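Heads up, the thing below is written out as structure tokens.
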Amino acid sequence: MSNPAQRANKLFVKTFGTLADALYAAPGRVNLIGEHTDYNDGFVLPAAINFHTIIAIKRREDNKFRAVSDAFPGEMKEWIFAEEGDTPESLEWVDYLKGFSAAMAVSGLAPKGLDLAIVSNVPLGAGLSSSAALEVAFGTAVNDASQIKLSPLAIAQLAQRGENQYVGCACGIMDQMISALGKQDHALLIDCLDLDSEAVSIPDNLSLIIINSNVKRGLVESEYNLRRQQCEQVAQHFHLDSLRHLELTTLDAAVNELSDVCYRRAKHVITENRRTQNAAWALESGNISQLSTLMAESHISMRDDFEITVPEIDFLVEIISKVIGEKGGVRMTGGGFGGCVVALVDHELTDAVVAAVENRYFEKTGIEAAIYLCSASDGAKRLDQ
Ligand code: GLA
């Protein structure tokens, strides 16, 4: 099959009967560590991955948008800028684009309309941020086509606002930020309090492996929002803006004032922030055994304190950690309740990890896992035609 850029161009010509002016790409992401910390003003360490959403566009002279996606053949979606309507009851792919344009309208920005053809190879519903890739690819295209001169960070912020206020998902900034700002061969240590970010190089000897459990993710939205409320509740208890400002000793001293669940949620966030900063240093200095320990602790904290893993994911982590020992790290990645596991392992162990998953996962769960051998890639950009 042709590559996604060629497919986007072909879909554009087939749909609109003319050549596209330009192509834009935005990547999905994998988070190495720092889970459910972004909306608590904490630290995250994601990398953009070599799976992309590509959009072929042609500028229009009015303020109408027309979009097609190869994942939903035959559906042409249309809307007029600043007339996106209210949050829809049942979400569809175009709502992520409408959310972005609604956020632009609220910010007083007025782009020209576009005709768009979208293709993507970011796995859908796997926790690899296919929606952020779609929003950021669209935002990058609109920004460039109308010469609005938004920074990649501003595009990420509009994308998050669109999801929060239009799509109705209370997500943090991590996915959109890494899709906009990712750097080849690097992860990004993002401080979600001031949105400062620092590139952390991934050592050459490590393979970045993502294993999709293919567990159908259920309750993601409601459980995600519930976790967020529980974190906010603890911050309020201490009269703080967010858990970023809470020390573990203060939390521990107040253990009897909180429900056991709220205590454990906050403990995860506080300890995960520390682990994330330490993991960035470990990665930068090539201290793989420390990285291994931190990723293992992160997984246990997500499993026992934040309670966002499922048995199939725990099993994947168990079999992979047995193979890699201290020569790599493995943990669940993303929002949770299914989705993927990320492993950063010495190249020489890649085949053994793949073999262990192939030999044991299906046998135990009856589900076929998908394995993606990835590399960290750049954030959103215009492609050469
Ligand atoms: C989802 C959200 C992110 C982040 C992660 C969990 O991917 O979109 O903002 O909260 O879950 O770390």
Side-chain angles (χ1 to χ4, degrees), residues 26-49 51 91 95-96 99-100 122-136 153 156-182 187-193 195 197 210 212-213 217-232 242-244 265-266 268-273 275-276 279 295 298-299 301-303 305-310 313 331-342:
R29 66 99 186 91
V30 65
N31 190 20
L32 304 183
I33 192 164
E35 224 63 81
H36 286 259
T37 43
D38 59 352
Y39 57 79
N40 288 301
D41 290 343
F43 293 93
V44 291
L45 187 64
I49 52 175
F51 286 83
L91 277 183
D95 294 318
Y96 294 94
F100 191 92
V122 185
L124 293 181
L128 299 176
S129 293
S130 54
S131 47
L134 177 58
E135 295 153 9
V136 172
L153 177 58
Q157 286 175 299
L158 285 173
Q160 184 205 15
R161 237 169 269 155
E163 271 218 41
N164 289 170
Q165 290 164 12
Y166 184 84
V167 174
C169 164
C171 65
I173 187 81
M174 168 171 71
D175 306 345
Q176 292 79 8
M177 235 181 119
I178 188 66
S179 182
L181 291 162
L188 226 54
L189 177 65
I190 302 174
D191 181 344
C192 299
L193 182 61
L195 303 185
S197 61
I210 298 173
N212 185 349
S213 67
R217 300 201 305 160
L219 298 173
V220 184
E221 207 93 301
S222 57
E223 289 292 334
Y224 185 92
N225 291 345
L226 178 62
R227 295 298 181 285
R228 190 168 177 155
Q229 281 161 22
Q230 289 162 336
C231 292
E232 285 166 1
S242 71
L243 289 181
R244 171 65 177 274
R265 303 295 190 251
H268 163 76
V269 173
I270 297 170
T271 56
E272 184 80 347
N273 275 333
R275 283 188 290 271
T276 303
M295 289 176 78
S298 170
H299 186 80
S301 181
M302 291 190 289
R303 186 190 67 197
D305 288 337
F306 219 65
E307 295 177 292
I308 52 173
T309 71
V310 296
I313 287 277
R331 59 184 281 285
M332 186 202 83
T333 183
F337 309 99
C340 294
V341 157
V342 60

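Predicted model only: the values in this text are computed from it and were never measured. Just so you know, ligand 1 is whichever comes first in the structure, and atom 1 is the first atom listed for that ligand.
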Option from Asn31, Leu189, Thr271 for which side chain to side chain contact (heavy atoms under 4.5 Å, CB included) with Thr276 holds:
Leu189

Contacts for ligand 1, heavy atom under 4.0 Å, by chain and number, are Arg29, Glu35, His36, Asp38, Tyr39, Cys171, Gly172, Met174, Asp175, Tyr224, Gly335

Does any part of the side chain of Met177, heavy atoms only, come nearer than 4.5 Å to the side chain of Leu188, both counted from C-beta?
no

State which residue, out of Asn273, Asn40, Asp191, fulfils the side chain to side chain donor-acceptor pair (under 3.5 Å) condition with Arg244.
Asp191

Using the test side-chain hydrogen bond (donor to acceptor under 3.5 Å, both in side chains), find all partners of Asp305 that sit at least two apart in sequence or belong to another chain.
Lys267

Exactly one of Glu272, Arg275, Met174 should register a side chain to side chain contact (heavy atoms under 4.5 Å, CB included) with Thr37. Which one does?
Glu272

Give a yes-or-no answer on whether the side chains of Arg331 and Ser298 include a donor-acceptor pair shorter than 3.5 Å.
yes

